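Take a look at the structure below.
Just so we're clear, the structure is a prediction, and the values are computed from it rather than from any experiment. Note on naming: letters A, B, ... go to the chains in the order of the sequence lines (proteins, then strands), and numbering restarts at 1 for each one.
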There are 2 protein chains.
Amino acid sequence: MKYILQDLKVKINDKIYIKDPESSALGKRIIENSIIMIQEIGFESFTFKKLGEKIKSNESSIYRYFENKHKLLLYLTSWYWGWLEYQLVFATNSISNSEDKLRKAIEIITRTIEEDSSFSHINEVLLNKIVINEYSKSYLTKEVDEENKEGYFSFYKRLVIRLNDMIKEVDTTYPYPSSLSSTIIEGALHQHFLKDHFPSLTNCNETITPTTYFTDLVFNSIKK
Amino acid sequence: MKYILQDLKVKINDKIYIKDPESSALGKRIIENSIIMIQEIGFESFTFKKLGEKIKSNESSIYRYFENKHKLLLYLTSWYWGWLEYQLVFATNSISNSEDKLRKAIEIITRTIEEDSSFSHINEVLLNKIVINEYSKSYLTKEVDEENKEGYFSFYKRLVIRLNDMIKEVDTTYPYPSSLSSTIIEGALHQHFLKDHFPSLTNCNETITPTTYFTDLVFNSIKK
DNA sequence: CAAAAATAAAAGTAATACTATCATATTTTA
DNA sequence: TAAAATATGATAGTATTACTTTTATTTTTG
């Protein structure tokens with residue numbers, strides 16, 4: 001698994017970047033350190049100038065890779081959803097029973113990314129935290145429809161559709177499979193956030209995980 | 001109902017503002033027009049300078065009411081959740097059957113705010129759109145824990161807890177009432193957003209409403 | 001080794017997010 | 001009703017952001 005993951009390259013829509021950060025050492029440092037920095041100080045406070053200082057490069061050099069920090073966030077989150085989709089496919093592929101498959105899919109999507117199975121320069125534990133705290137900012141904009149047309153959200157959409165398909169496989173008659181799928185994916189991020197900042201608004205904690213909650217939710221809604 | 005609503009004053013935490021916008025004509029113009037403007041151009045592009053031009057007042061005068069636009073967003077969204085709570089209490093109060101009560105509560109929380117039942121200077125149809133598009137930005141910040149301690153999210157929390165209580169009333173044994181409650185409230189905003197921008201990720205449309213979907217979801221999860 | 005490409009350094013611009021000062025208008029109250 | 005207090009408006013100023021441009025330097029490659 002490790003070996004395969006090391007070879008995996010998530011192919012990001014090339015309109016998101018000006019120059020592919022995977023194509024150079026500087027590009028990789030930009031990605032690696034932007035993840036660390038956004039996680040540390042938050043997306044609002046993060047600037048290309050600060051990142052330049054951190055990686056001892058120049059602001060103007062970073063602008064040759066990404067138009068602006070919004071595009072960089074789109075890049076990072078696209079990578080995350082692509083990575084998660086790979087995890088999902090890898091883990092569910094061999095399961096023939098559709099109920100077991102769905103169960104596993106929910107687990108993959110809602111679990112806490114804990115062990116640092118990080119390969120190369122991307123720390124997906126930190127990246128998962130960024131997705132929890134910043135992802136919705138990437139689509140809650142006035143430009144969402146244009147950017148959607150450009151395909152900037154295609155990994156996310158593909159994941160929602162994949163889960164939707166798995167739900168349908170278990171119960172063809174369930175009338176809201178894509179709403180349920182999008183609720184799980186977005187809701188999982190939200191429950192993880194609440195657990196850390198608004199514990200009174202969730203039952204999730206060290207013992208009850210979002211996986212437990214969403215598994216129960218899904219299997220009560222669809223017929224088994 | 002109209003009459004009562006006209007008298008309702010949502011009492012916002014006074015640390016959110018510097019000077020109470022309800023206390024003056026200028027303050028009310030700030031609120032009224034900031035809602036219109038944020039809805040029009042989005043929160044990112046919105047500035048106090050632009051608002052000043054629109055209401056023919058001065059940037060510096062607006063700063064005497066709100067420290068910054070983040071606090072203004074907290075004010076507007078607090079007002080919205082307070083208003084929605086009022087709607088909820090008003091509509092469910094007289095229902096004695098706890099299942100019917102929950103059903104009505106879900107309806108109030110997940111429905112599209114359509115008719116402009118606006119009173120005074122606040123247009124809650126536009127405000128609902130702002131909440132759909134911008135609310136998560138108000139808490140997805142590095143300051144969320146401090147601001148939560150200051151009580152800036154108390155209306156939202158109270159609504160989640162109220163719905164949680166109603167779920168418990170119907171089924172005391174259900175193990176995830178607060179997660180379900182927060183999923184409904186956050187999820188309803190999300191489904192409304194998807195319906196407008198990512199229709200392939202939701203089953204909600206003109207005929208299937210978020211209310212239909214969430215009502216089904218809830219009553220399949222809890223025992224009746 | 002020369003040419004091309006990538007990166008770094010520095011400077012410049014327009015806008016943002018404020019703060020401060022002072023003038024003027026309006027309201028309050030003595 | 002005059003004086004005082006308060007609210008608002010106009011103007012200017014500051015630091016930072018979000019870039020763009022130009023030029024110099026370093027690295028890569030043919």
Side-chain angles (χ1 to χ4, degrees), chain A residues 14-34 37-38 40-76 121 134 137-138 140-143 146-147, chain B residues 14-34 37-38 40-76 121 134 137-138 140-143 146-147:
Chain A
D14 61 14
K15 283 175 189 155
I16 289 184
Y17 49 75
I18 297 167
K19 178 177 170 167
D20 185 358
E22 285 299 318
S23 70
S24 75
L26 178 61
K28 284 172 191 163
R29 274 195 296 144
I30 289 172
I31 298 305
E32 179 176 10
N33 290 281
S34 66
M37 206 169 190
I38 291 172
E40 263 172 28
I41 66 175
F43 187 65
E44 274 67 44
S45 301
F46 170 82
T47 68
F48 281 0
K49 190 161 192 218
K50 290 177 189 167
L51 179 61
E53 278 156 29
K54 176 163 183 148
I55 65 176
K56 271 156 200 167
S57 172
N58 198 274
E59 200 187 355
S60 62
S61 303
I62 301 167
Y63 275 107
R64 287 203 191 84
Y65 285 84
F66 293 100
E67 231 178 295
N68 50 49
K69 68 175 182 173
H70 170 70
K71 287 284 179 78
L72 172 58
L73 181 63
L74 285 173
Y75 181 92
L76 296 177
H121 51 292
E134 324 286 359
K137 296 170 194 168
S138 78
L140 295 177
T141 68
K142 281 284 163 186
E143 297 77 34
E146 288 164 53
E147 295 188 344
Chain B
D14 61 15
K15 284 175 188 155
I16 288 184
Y17 50 75
I18 297 167
K19 178 178 171 166
D20 185 359
E22 287 298 319
S23 71
S24 74
L26 177 62
K28 284 171 192 164
R29 273 195 296 145
I30 290 172
I31 298 306
E32 179 176 10
N33 290 281
S34 65
M37 206 170 190
I38 291 173
E40 262 173 27
I41 65 175
F43 187 66
E44 274 67 41
S45 302
F46 170 82
T47 70
F48 281 0
K49 191 160 191 217
K50 290 177 190 168
L51 179 62
E53 279 157 27
K54 175 161 184 151
I55 64 176
K56 271 157 199 167
S57 172
N58 200 273
E59 200 187 357
S60 62
S61 303
I62 301 168
Y63 275 107
R64 288 200 190 90
Y65 285 84
F66 293 100
E67 232 178 292
N68 51 47
K69 68 175 182 173
H70 170 69
K71 288 285 179 78
L72 172 58
L73 180 63
L74 285 173
Y75 181 92
L76 296 177
H121 51 291
E134 323 286 359
K137 296 171 194 168
S138 79
L140 294 177
T141 68
K142 281 283 163 188
E143 296 76 34
E146 288 164 53
E147 294 188 345

Using only heavy-atom distances, determine whether the side chains of B/Tyr75 and B/Ser34 contain a donor-acceptor pair under 3.5 Å. no

Once you round it to whole Å, what is the distance between P of D/dA7 and CD1 of B/Ile30? 13 Å

Between P of D/dT8 and CG of B/Leu51, the distance in whole Å: 14 Å

Short N-O contact, B/Lys137 and B/Glu44, less than 4.0 angstrom: yes

Roughly how many Å is it from CG in B/Asn58 to P in D/dG13, rounded to a whole number? 16 Å

What integer distance in Å separates B/Lys28:NZ from D/dA7:P? 15 Å

Look only at the side chain of B/Lys50 and the backbone of B/Ser45, and say whether a donor-acceptor pair between them is shorter than 3.5 Å. yes

Short N/O separations, protein against nucleotides 3-7 of chain C, under 3.5 angstrom:
residue : atom : partner : partner atom : Å
C/dT7   : OP1  : A/Tyr65 : OH           : 3.2
C/dT7   : OP2  : A/Lys19 : NZ           : 3.3
C/dT7   : OP2  : A/Tyr65 : OH           : 3.0

B/Phe46 atom CZ is separated from C/dA15 atom C1', nearest whole Å, by 16 Å

Which nucleotide sits closest to the side chain of B/Ser60: C/dA20, C/dA8, C/dA17? C/dA20

Any luck finding a side-chain donor-acceptor pair between A/Glu147 and A/His70 under 3.5 Å? yes

Fit a plane to each ring of B/Phe48 and B/Phe46, take the angle between them on a 0 to 90° scale, and name the class: parallel (under 30°), tilted (30 to 60°) or perpendicular (over 60°). perpendicular

Roughly how many Å is it from NZ in B/Lys49 to C1' in D/dA12, rounded to a whole number? 12 Å

More than 12 heavy atoms of other groups within 6.0 Å of A/Lys49 NZ: no

Check each of A/Asp20, A/Leu26, A/Ile31, A/Ile18 against A/Tyr65 using the side-chain contact (heavy atoms from CB on, under 4.5 Å) test, and report the only one that passes. A/Leu26

Whole-Å distance separating the CZ atom of A/Phe66 from the C1' atom of D/dT20: 19 Å

Classify the nucleic acid contact of B/Glu59 as base, sugar-phosphate or nothing, counting any heavy atom under 4.0 Å across all strands shown. base

Would you classify B/Tyr63 as touching base, sugar-phosphate or nothing, given that sugar-phosphate means primed atoms plus P, OP1 and OP2, and contacts are heavy atoms under 4.0 Å? base

Spacing between B/His70 atom NE2 and C/dC18 atom P, to the nearest angstrom: 11 Å

